[in-house]
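Following: one structure in structure tokens, then a few remarks.
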Amino acid sequence: MRTLVKHAHRSESEVDNILIQGWVRTRRDSKSFSFLEINDGSCLKGIQVIVDAGIPGSEQIALMATGASVEVNGRLVASQGKGQKWEIQATEVKLVGAADETYPLQKKGHTPEFLRSIAHLRPRSNLYGSVFRTRSKLAYAVHQFFQERDFVYVHTPIITASDCEGAGEMFRVTTLPQGKDGDPASDFFGKSAYLTVSGQLEGETFACALSNIYTFGPTFRAENSHTARHASEFWMIEPEMAFCNLEADMDLAEENVKFLCKYVLEECADDLELFGKFVDKQLHERLQFVVERPFQRFTYAEAVEILLKSGKKFEYEVVHGHNLQSEHERYLTEEHCKCPVTVYNYPKAIKPFYMRVNDDDATVAAMDVLVPGIGEIVGGSQREERLDVLKANMAKHELDEEAYWWYLDLRRYGSVPHAGYGMGFERMLMFVTGVHNIRDVIPFARTPGNAEF
RNA sequence: UCCGGCAUAGCUCAGCGGUAGAGCGGGUGACUGUUAAUCACUAGGUCGUAGGUUCGAAUCCUACUGCCGGAGCCA
């Protein structure tokens, strides 16, 4: 039976018969034997195999080059060399699939740009293997966080006809012939349909039935964005809570960020060490800091005051009532507080129709969690639960009430104060790995002009 | 979409007006309980594409394409 390399490394004692299957990372030949380093992706470290000349399969050793897949039978024994506790003294090796000299991954480091061009092979590199193992752990942690708190996981639709206004441009879904716009009424769904930009509106309906829910799934934005933190297809986590106000919403968001950081610190130590060495030297320290210290929290108005008093020269002027620019958010979280920051109560003019209007009638109960290096990682709000106020907001945003009839029904029948937020899964992953580009934390990233693989 | 930068060997880059270079990787050989091994030899390039300037262009100019970074939009 196959043993994963990860388990071989953790062995308490020698093992007489062990089978390892994986890919050759490197081979070093000696006169009478060879060292093979085998990696199977179960952990960062490969396992060293000693192949004596003459054992069954050793005649193929020359073909067991970097990239080849092999099967090794042997004894797990204490290593004579430095750098590993255990190694395998092979009794038999088998070349499963050769890789010739055109195999593009070298033993040395490659640039992320080059590795993106071979996205089908890059998970075989140390860094990307670590990133995608961490991605899996982080996804699991998301579920654990919400399940432990009695949230119900809801699968909101990927194809939708509702536009969560303010969330961005949408991809059209159609079966109409190419090149013809046609009448939406004659299209597959009898109306214009799109890939979802947010499950929030549908999420609200379930929160108003099951109390606390979350969604976790793919989201699509057709924005022509060319930045290190935007992708056309990404995963988003969207909790929604009934009988909940903005303050509890912010509390949960902060707890959520802390939980995920803590989980990764505990469960992905080896991979984090690699990120700390090659990607971001301060990573461990920063995650530790986030877990231990409370987030700073202030209103939009206070944030603007801080920015105005900072004496800092910004490219874009800080103006009351205007959106905070990226550079402003960065100053708040990276320089002024040097920790995650939650900004809340934004001017209502710059926020979408569904956010709850505060008593001052000037601001809405919206909040953003900003983290150093990434910027906005969470955006959320308390939702407008008062039918008349919501209708007035929709009128101001020039939205058609009829298209949102079911959304308005939530306010007609047993309306409750409720709140939620959206957390960008990849942005969270960037934050915990220190990886700077969103294209390097998605297995096959979709960005404008790029859908290879 | 806007602003800026880059494009030379499989990879990372040097060369910046006068006959295409290095390191790594590959191949061959030697050597060694090695671990991004070491040493020697060796193969490998229409210098992103198309124009232009010049006696002569990888090098200067223009356009295009691609990539990267920043902005906006946001997660």
Side-chain angles (χ1 to χ4, degrees), chain A residues 25-38 45-52 62 65-67 77 79-84 87 89 99-118 125-126 164-170 197-200 216 218-238 253 278 314-316 323-330 350-352 368-371 374-380 421-431 436-442 447-450 452:
Chain A
R25 278 297 173 78
T26 177
R27 189 184 83 231
R28 295 174 289 276
D29 295 318
S30 186
K31 193 160 217 141
S32 55
F33 62 95
S34 295
F35 294 105
L36 282 182
E37 190 187 323
I38 311 295
K45 226 168 132 55
I47 190 146
Q48 174 160 289
V49 176
I50 288 84
V51 181
D52 285 330
T66 304
V77 297
S79 177
Q80 298 172 30
K82 281 178 189 159
Q84 62 274 319
E87 63 186 18
Q89 182 69 50
D100 69 13
E101 67 280 357
T102 60
Y103 183 67
L105 284 170
Q106 300 175 186
K107 294 172 209 170
K108 282 212 165 186
H110 287 290
T111 59
E113 292 80 18
F114 171 68
L115 289 165
R116 275 172 220 153
S117 72
I118 50 165
S125 69
N126 284 340
C164 191
E165 185 254 318
E169 291 297 311
M170 304 177 85
V197 290
S198 166
Q200 182 201 314
F216 181 23
T219 307
F220 307 86
R221 304 276 167 92
E223 298 289 345
N224 193 12
S225 298
H226 292 267
T227 78
R229 58 187 191 287
H230 289 89
S232 312
E233 177 182 310
F234 63 98
W235 282 56
M236 189 153 64
I237 300 143
E238 296 184 288
F278 293 108
F314 293 108
E315 194 184 331
Y316 289 87
N323 248 319
L324 296 179
Q325 302 289 323
S326 285
E327 56 174 341
H328 304 150
E329 296 181 343
R330 270 211 311 277
I350 58 173
K351 289 292 182 183
D368 284 343
V369 178
L370 314 174
V371 296
I374 310 285
E376 186 179 342
I377 200 165
V378 170
Y421 58 84
M423 172 186 284
F425 181 63
E426 282 79 10
R427 288 195 182 167
M428 193 63 215
L429 188 56
M430 288 165 74
F431 185 63
H436 310 295
N437 198 307
I438 196 164
R439 284 168 272 208
D440 297 326
V441 298
I442 301 180
T447 52
N450 204 331
E452 189 70 37

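Throughout, a chain's letter reflects where its sequence line sits, starting with A, and its residues are numbered from 1.
The side chain of A:Gln106 contributes no N or O atom lying less than 4.0 Å from OP1 or OP2 of B:rA36. Listed pair A:Asn437 / B:rG69 meets the phosphate criterion, a side-chain N or O lying under 4.0 Å from OP1 or OP2. Of the side-chain N and O atoms in A:Ser326, one or more sit less than 4.0 angstrom from OP1 or OP2 of B:rG72.
When atom types are taken as modelled, the side chain of A:Gln89 and the backbone of A:Val77 share no donor-acceptor pair closer than 3.5 angstrom.
Looking at A:His226, its side chain has no donor and acceptor atom pair within 3.5 Å of the base of B:rC68.
Atom CD1 of A:Ile438 and atom C1' of B:rC68 are 16 Å apart (whole Å). The OH-C1' distance, from A:Tyr316 to B:rC2, rounds to 9 Å in whole Å. Here the P atom of nucleotide B:rU34 and the CD atom of A:Gln89 are 15 Å apart, to the nearest Å.
Going from the C1' atom of B:rG25 to that of B:rA43 covers 13 Å, rounded to whole Å. Only the C1' atoms considered, B:rG21 is 26 Å distant from B:rC61, to the nearest whole Å. Annotation: B:rC11 and B:rC16 have their C1' atoms spaced 23 Å apart (nearest Å). Taking atom P on both nucleotides, B:rG10 is separated from B:rG51 by 24 Å, rounded to a whole Å. Nucleotides B:rA14 and B:rG45 are separated by 15 Å at their C1' atoms, to the nearest Å.
Pair check for B:rC11 finds B:rG23; Watson-Crick or G-U wobble, both atom distances under 3.5 Å.
A:Arg439 comes within 4.0 angstrom of sugar-phosphate atoms only, judged by non-hydrogen atoms across all strands, and of no base. Within 4.0 Å (heavy atoms only), A:Ser79 reaches at least one base atom of the nucleic acid. If you check every strand for non-hydrogen atoms under 4.0 Å, A:Glu87 touches a base.
The stacking criteria are not both satisfied for A:Phe35 over the base of B:rG33, which would need a centre-to-centre distance under 5.5 angstrom and an angle between ring planes under 30 degrees.
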